[in-house]
Amino acid sequence: HRLPVMSDLLAIFARADEDPELLDEIAAFRPDRVTVLIEDEAERMGEDSSAGTALRDRLAGLMATIESRTGATVLGVAGERAQLTGWRFDREVVTHTALPV
């Protein structure tokens, strides 16, 4: 009996107009876990401003959509790829590009 292989995916979002295509790509991989990274200024996440609210709303929406389309466990952060140094991912998807890690 083989154990199922877990798949951890890093999804890097930049421009919001590219979200639908990247969401389709994520769903096609059928990941078990997805870490969503919105490349933006992390400081804006805590801002009590329209920009901070929009960033939080976008992140929450992406996470909910990915969870409903894949059944994966989803974690979300805003900032730079460098803040995830040391985290292990089986695959990264970045606006139309999938790279093995």
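The structure displayed is predicted, hence computed values, not measured ones. One is the number of the first residue; the rest follow in order along the sequence.
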Practice task
Kindly write out the residues that satisfy side-chain contact (heavy atoms from CB on, under 4.5 Å) with Ala27, not counting sequence neighbours, or none if the list is empty.
Solution key: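 If we apply the side-chain contact (heavy atoms from CB on, under 4.5 Å) test to Ala27, skipping adjacent residues, the hits are Arg69, Thr70.
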
Practice task
May I ask you to test the Arg91-Phe29 pair for a side-chain heavy-atom distance under 4.5 Å?
Solution key: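 Counting from C-beta outward, Arg91 and Phe29 do come under 4.5 Å.
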
Handout entry: Pairwise side-chain contact, Val36 with Leu59, heavy-atom cut-off 4.5 Å (strictly under)
Key =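 Heavy-atom side-chain distance check passes, below 4.5 Å.
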
Exercise for the section: State the CD1-CZ distance between Ile38 and Arg56, to the nearest 0.5 angstrom. Expected result: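 Reported value, rounded in 0.5 Å steps: 11.5 Å.
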
Exercise for the section: State whether the side chain of Thr65 and the backbone N or O of Leu62 hold a donor-acceptor pair below 3.5 Å, judged by distance alone. Expected result: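 Answer holds: no.
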
Exercise for the section: Without swapping roles, check the side chain of Glu67 against the backbone of Ala64 for a donor-acceptor pair under 3.5 Å. Expected result: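 Not confirmed, Glu67 side chain does not pair with Ala64 backbone.
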
Handout entry: Passing option when Ile66 is tested against Leu22, Leu23, Thr73 for side-chain contact (heavy atoms from CB on, under 4.5 Å)
Key =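 Exactly one candidate clears the test, Leu23.
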
Handout entry: Among Asp90, Leu37, Val34, Leu75, side-chain contact (heavy atoms from CB on, under 4.5 Å) partner for Leu10
Key =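 Testing Leu10 for a side-chain contact (heavy atoms from CB on, under 4.5 Å) against Asp90, Leu37, Val34, Leu75 leaves exactly one candidate, Leu37.
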
Problem - Charged N-O contact under 4.0 Å between Arg30 and Asp32 - result: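 Here Arg30 does not pair with Asp32 in a salt bridge, since their nearest N and O are not under 4.0 Å apart.
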
Problem - Contacts of type side-chain hydrogen bond (donor to acceptor under 3.5 Å, both in side chains), residue Arg33, not counting sequence neighbours - result: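 Checked Arg33 against side-chain hydrogen bond (donor to acceptor under 3.5 Å, both in side chains); matches are Asp8.
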
Handout entry: Partner set under side-chain hydrogen bond (donor to acceptor under 3.5 Å, both in side chains) for Asp57, not counting sequence neighbours
Key =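 By the side-chain hydrogen bond (donor to acceptor under 3.5 Å, both in side chains) rule, Asp57 matches no residue at all.
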
Handout entry: Smallest separation among heavy atoms of Asp19 and Arg15, with atom names
Key =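 Heavy atoms only, the tightest pair is OD1-O, 3.5 Å.
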
Problem - Heavy-atom pair with the smallest gap, counting every atom of Ala72 and Pro31 - result: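 Closest approach of Ala72 to Pro31, heavy atoms only: CB-O, 3.3 Å.
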
